[in-house]
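First comes the structure, then the notes that go with it.
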Amino acid sequence: MPELPEVETTRLGLKPVLGQTVCSVNIRNPSLRLPVSAEISQLAGQSLLEIRRRGKYLLFRTESGWFLVHLGMSGSLRLAVAAEAPRKHDHILLELSEGLSLRFHDPRRFGLFLWLGGAVESHPLLTTMGPEPLSDSFTAEHLFKLSRTRSIPVKSFIMDNHVVVGVGNIYAAETLFYSGIHPLLPSRNLSITDCALLHTTIRHILGQAILRGGTTLRDFVNSAGNPGYFQQQLMVYGRESKTCRICGNQLHLLRIGGRSSVFCPSCQPVRP
DNA sequence: ATGGTGACCTGACCGC
DNA sequence: TGCGGTCAGGTCACCA
């Protein structure tokens, strides 16, 4: 499910929990990508002071330290009233003051819910990540420099979290379409002009998707349980064998790095 | 170092 | 209605 815009949508929607105290922690199923440690129970009695996002990770600050949440492929964080019965796959419940309940829901259990303590910046999950796409540290020159030695397809390159964080399968496909670049182009063949175009497009598309509350294909819901609306303007993702919205030719499907990759052979031609 | 593949897990959907 | 196959928004360990 969630790429950067969906995670940011979740973060913005959780602002009402700031300042609230965790009354109790209920771990209903600890089997996530990494086991949920009993340390998480330390959250009881702590106030939620701040929520940051780094890539697709959400970082929650409390008085005694930080905990991290990753939504994996199918995860969501939802604010419910405490009286509501937990749903299937609601794995972790944080009962808050004022009768609310913050619920981590994740059918496929690829997500993470980890206690970090004081070591936020230095955690191995966070130290090797590339720049934030919407920050000043992400530049065309950065893309150009890293791509010089890489033969992998440009689609895999922009989805690599060491290159730039937060670009998943949907937004990678859309970025390459708007940039007019074939998804299989070897990364080292990108020109500085290509990199400038990719840089601008990534920022524009992620920004637009955040404004529309993210993309809902099957099951993404924000913290209030509502879907996003960016899917209404997808140009290629999920549209294989349909016609290109620009040129009218048929869109094609490839598998790149094990991920389905739709593109327009006319708008994104193979280069000579 | 780099790149390709499988693994993790459940649910939805399709064709028979 | 049921069954088996396939696919899904992410990430990492493993191998060549």
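Below, read A as the first sequence line, B as the second, and so on, with proteins coming before strands; counting in each chain starts at 1.
A stacking contact links A:Phe110 to B:dC8: the aromatic ring centre lies within less than 5.5 Å of the base's six-membered ring centre, and the planes differ by less than 30°.
Contact annotation: A:Arg150 side-chain N/O to B:dG3 OP1/OP2 distance is under 4.0 Å. Between C:dG10 and A:Arg259, a contact under 4.0 Å exists linking OP1 or OP2 to a side-chain N or O. In this structure, A:Ser260 reaches the C:dA8 phosphate: one of its side-chain N or O atoms is under 4.0 Å from OP1 or OP2. When the side-chain nitrogen and oxygen atoms of A:Lys56 are compared with OP1 and OP2 of C:dG9, none of them lie within a distance under 4.0 Å. For the OP1/OP2 pair of B:dC9 and a distance below 4.0 Å, the side-chain nitrogens and oxygens of A:His89 include no atom meeting the criterion. Side-chain N/O atoms of A:His70 include none lying less than 4.0 angstrom from OP1 or OP2 on C:dG10.
Using modelled atom types, one side-chain atom of A:Ser37 and one backbone atom of A:Glu39 make a donor-acceptor pair closer than 3.5 Å. Of the possible donor and acceptor atoms, none in the side chain of A:Gln20 sits under 3.5 Å from a partner among the backbone N and O of A:Leu48.
Listed nucleotides C:dC12, C:dG10, B:dG4 differ in distance to A:Pro153; the shortest reach to its side chain belongs to B:dG4. Comparing B:dG4, C:dG9, B:dG3 by their nearest atom to the side chain of A:Ile170 picks out C:dG9. Picking from B:dT2, C:dT11, B:dT10 the nucleotide with the shortest atom distance to the side chain of A:Asn161 gives C:dT11. When each of B:dT2, C:dA8, C:dG10 is scored by its nearest atom to the side-chain atoms of A:Tyr237, the top-ranked nucleotide is C:dA8. Listed nucleotides: C:dA8, B:dG3, B:dT10. Nearest to the side chain of A:Ser151: B:dG3.
Partner assigned to C:dC12 is B:dG6, using Watson-Crick or G-U wobble distances below 3.5 angstrom.
Between the P atoms of B:dA12 and C:dT11, the separation comes to 23 Å (whole Å). Comparing the P positions of B:dG6 and C:dT6 gives a spacing of 13 Å, expressed to the nearest Å.
One atom, CD1 of A:Ile256, and another, P of C:dA8, lie 13 Å apart when rounded to the nearest Å. The distance from atom CZ of A:Arg148 to atom C1' of B:dA1 is 18 Å, rounded to the nearest whole Å. Note: NE2 (A:His91) to C1' (B:dC8) measures 13 Å, nearest angstrom. Atom CD of A:Glu3 and atom P of C:dG10 are 4 Å apart (whole Å). The OH-P distance, from A:Tyr57 to C:dG10, rounds to 12 Å in whole Å. Distance A:Ile158 CD1 to C:dG10 C1': 15 Å, rounded to the nearest Å. For A:Leu112 and B:dC9, the CG to C1' distance is 14 Å, given to the nearest whole Å. Going from atom CG of A:Leu146 over to atom P of B:dA1 covers 15 Å, rounded to whole Å.
A salt bridge does not link A:Lys56 to A:Glu3: none of the charged side-chain nitrogens sits closer than 4.0 Å to a carboxylate oxygen.
Nucleotides of DNA chain C nearest to A:Arg108 and A:Leu125 differ in position, and the one nearer the 5' end is that of A:Arg108. Sequence order on DNA chain B of the closest nucleotides to A:Lys88 and A:Arg33 puts A:Arg33 first from the 5' end.
Within the 4.0 angstrom heavy-atom criterion, no nucleotide atom of any strand lies near A:Gly258. Residue A:Leu32 is classed as having no contact, given no heavy-atom separation below 4.0 Å to the nucleic acid. Contacts of A:Thr149 with the nucleic acid, taken as non-hydrogen atoms under 4.0 Å apart, involve only primed sugar atoms and P, OP1 or OP2.
Distance check, rounded to the nearest 0.5 Å: OH of A:Tyr57 to CG of A:Leu126 gives 6.5 Å.
Screening A:Trp66, A:Trp115, A:Phe67 against A:Phe60 for a ring pair (Phe, Tyr, Trp, His ring centres under 6.0 Å) leaves a single residue, A:Phe67.
Side chain A:Arg109 to base B:dC9: no donor-acceptor pair is found below 3.5 Å.
Between A:Ser24 and A:Glu95, the side chains place no donor N or O within less than 3.5 Å of an acceptor N or O (distance only, hydrogens not considered). No side-chain donor-acceptor contact under 3.5 Å links A:Arg78 and A:Ser76.
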